[in-house]
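To start, the structure itself, in structure tokens.
The model shown is predicted, which means the values in this text are computed figures rather than measured ones.
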Amino acid sequence: MEDDKFTQLIYSVSEGIARVELNRPEARNALSIQLRVELEAALNAIRDNEEVRCVILIGSGGNFCAGGDVKRQQLSLQSAPTAGHSARARSGMRRDHDKQLNLMNLDLPVIAAVDGAAAGAGFSLALMADFIVASDRAYFIQSFGKLGLVPDWYSAYSLPKMIGIQRAKELIYSARKLPAAEALEWGLLYKMVGAEQLEREAYALAHKLIGASRTSIGLAKRMIDNAFLWDKQTALEFEALSQTIARDSEYHAEGVRRFLAKDKPILDW
């Protein structure tokens with residue numbers, strides 16, 4: 001899908017930074033079927049573009065993402081159940097799981113720039129980023145409980161790792177709004193800034209990270225993401241394998257050359 005073929009998403013690449021903007025402001029960037037398709041296309045484009053070194057995920061119109069398209073879901077509920085309805089629903093969720101894994105497994109730093117609402121699957125989407133930078137008027141809500149649903153888009157897995165089990169249960173059970181200031185206090189946010197500074201702050205962080213090795217970022221991300229799942233021996237085995245791969249990279253060779261020559265490093269925070 002070419003850049004000019006996106007209708008509900010704005011995709012661009014500049015100076016090694018891919019900008020993915022959810023663009024349904026009239027629906028607070030709710031995840032319609034079309035937007036999900038376009039998000040997957042953008043992720044595929046990023047993966048295939050070796051020039052991309054960092055990703056910024058942002059929403060238009062003063063909101064990040066209001067989650068699933070509840071109006072479409074309501075229309076689906078009003079229609080008569082048909083044979084195989086549950087199977088099709090599970091199949092649809094599995095397709096969404098592929099999109100989620102594609103985002104989480106990018107061998108790149110991913111920054112979510114959150115303004116306004118990050119609700120339901122929108123909250124989950126922000127959690128898939130490596131860093132969340134939010135405006136002081138942003139809020140996060142596990143709104144699934146309001147509809148009698150369970151968290152999806154991986155948030156029941158990722159949220160407890162970010163803020164602990166009891167706080168995650170409180171947000172999921174109560175479906176209350178979590179203001180940005182409280183999210184910062186809980187360690188959910190990397191940084192909180194004024195709304196007018198949000199995009200500038202996200203790009204400042206991205207520019208600090210674009211010098212990093214895609215190889216080492218991808219391997220380190222898998223090590224970190226599995227830190228609470230692997231046993232000690234598995235972690236050490238993957239560490240040894242990953243370091244062997246990283247040592248063989250051109251990036252490592254250039255990094256060593258610059259270090260010995262006392263030149264400026266590639267990654268210069």
Side-chain angles (χ1 to χ4, degrees), residues 16-18 20 39-40 42-57 90 93-112 123-132 150-169 172 186-190 205-206 208-261 265-269:
I17 301 170
V20 180
L39 179 58
E40 183 175 28
L43 295 176
N44 289 336
I46 289 167
R47 185 176 297 101
D48 294 339
N49 187 346
E50 289 295 325
E51 294 182 3
V52 176
R53 316 303 298 182
C54 191
V55 180
I56 292 176
L57 186 60
R90 285 196 298 273
M93 288 200 69
R94 291 190 183 105
R95 288 193 296 273
D96 279 343
H97 291 164
D98 290 339
K99 299 180 184 66
Q100 295 149 30
L101 290 171
N102 284 344
L103 178 58
M104 290 186 289
N105 291 338
L106 281 177
D107 295 339
L108 298 162
V110 179
I111 301 166
F123 188 174
S124 305
L125 185 62
L127 289 170
M128 293 177 203
D130 298 295
F131 304 93
I132 303 176
V150 299
D152 61 16
W153 280 55
Y154 234 56
S155 58
Y157 167 84
S158 54
L159 187 59
K161 293 172 67 177
M162 293 284 286
I163 62 174
I165 290 176
Q166 290 188 90
R167 283 175 168 170
K169 285 181 175 179
I172 291 167
W186 283 10
L188 185 69
L189 305 184
Y190 175 75
L205 176 58
K208 292 177 181 178
L209 296 168
I210 56 176
S213 161
R214 285 184 66 149
T215 299
S216 63
I217 288 288
L219 293 167
K221 187 180 288 194
R222 281 155 185 76
M223 294 167 71
I224 296 167
D225 286 348
N226 287 285
F228 298 105
L229 301 176
W230 288 343
D231 58 55
K232 184 166 28 178
Q233 189 59 41
T234 302
L236 290 172
E237 289 292 336
F238 192 82
E239 176 189 290
L241 173 63
S242 299
Q243 197 69 298
T244 301
I245 295 170
R247 284 180 189 276
D248 287 341
S249 69
E250 293 181 6
Y251 188 103
H252 174 64
E254 176 62 15
V256 170
R257 187 199 67 76
R258 292 189 183 205
F259 177 81
L260 294 176
I266 308 169
L267 182 62
D268 189 25
W269 189 280

Rounded at 0.5 Å granularity, tell me how far [atom1] in [X] sits from [atom2] in [Y].
X: Glu239; Y: Thr244; atom1: CD; atom2: OG1; result: 10.0 Å
X: Leu43; Y: Leu57; atom1: CG; atom2: CG; result: 8.5 Å
X: Leu103; Y: Glu40; atom1: CG; atom2: CD; result: 11.5 Å
X: Ser158; Y: Phe123; atom1: OG; atom2: CZ; result: 8.0 Å
X: Leu108; Y: Ile210; atom1: CG; atom2: CD1; result: 11.5 Å
X: Ile245; Y: Ser216; atom1: CD1; atom2: OG; result: 11.5 Å

Begin with the C-alpha distance, continue with both residues' side-chain angles, and end with the deciding distance and a verdict on side chain to side chain contact (heavy atoms under 4.5 Å, CB included) for Arg258 and Ile266.
CA-CA 8 Å; Arg258 292 189 183 205; Ile266 308 169; 3.8 Å; yes
Answer yes or no: is there a donor N or O on one side and an acceptor on the other, between the side chain of [X] and the main chain of [Y], under 3.5 Å?
X: Asn49; Y: Ala45; answer: no
X: Thr234; Y: Trp230; answer: no
X: Arg47; Y: Asp107; answer: no
X: Lys221; Y: Pro109; answer: no
X: Arg53; Y: Ala212; answer: yes

Verdict with reasoning, Ile111 to Tyr190, per side chain to side chain contact (heavy atoms under 4.5 Å, CB included):
CA-CA 10 Å; Ile111 301 166; Tyr190 175 75; over 6 Å; no
Minimal non-hydrogen separation, [X] against [Y], with atom names:
X: Ile163; Y: Ala168; result: CD1-N, 3.8 Å
X: Lys161; Y: Asp225; result: NZ-O, 2.7 Å
X: Trp269; Y: Leu209; result: CZ3-CD2, 3.5 Å
X: Ala206; Y: Ile17; result: CB-CD1, 3.6 Å
X: Leu219; Y: Ser242; result: CD1-O, 3.4 Å
X: Pro151; Y: Ser155; result: CB-OG, 3.3 Å

Would you indicate whether the side-chain heavy atoms of Val150 and Ile172 approach each other to under 4.5 Å?
no
Greater than 12 external heavy atoms within 6.0 Å of Lys169's NZ
no
More than 12 heavy atoms of other residues, nucleotides or ligands under 6.0 Å from CG of Leu229: is that the case?
yes
Residue pair Leu127, Tyr154: steps toward the side chain to side chain contact (heavy atoms under 4.5 Å, CB included) verdict:
CA-CA 9 Å; Leu127 289 170; Tyr154 234 56; over 6 Å; no
I'd like to check the salt bridge (Lys or Arg N to Asp or Glu O under 4.0 Å) partners of Arg214; sequence neighbours left out, ordered by chain and number.
none
Going by side-chain contact (heavy atoms from CB on, under 4.5 Å), name the residues that satisfy it together with Gln233, two or more places apart in sequence or in a different chain.
Asp231, Glu237
Starting from the C-alpha separation in whole Å, work towards a yes-or-no answer on side chain to side chain contact (heavy atoms under 4.5 Å, CB included) for Thr215 and Tyr251.
CA-CA 9 Å; Thr215 299; Tyr251 188 103; over 6 Å; no
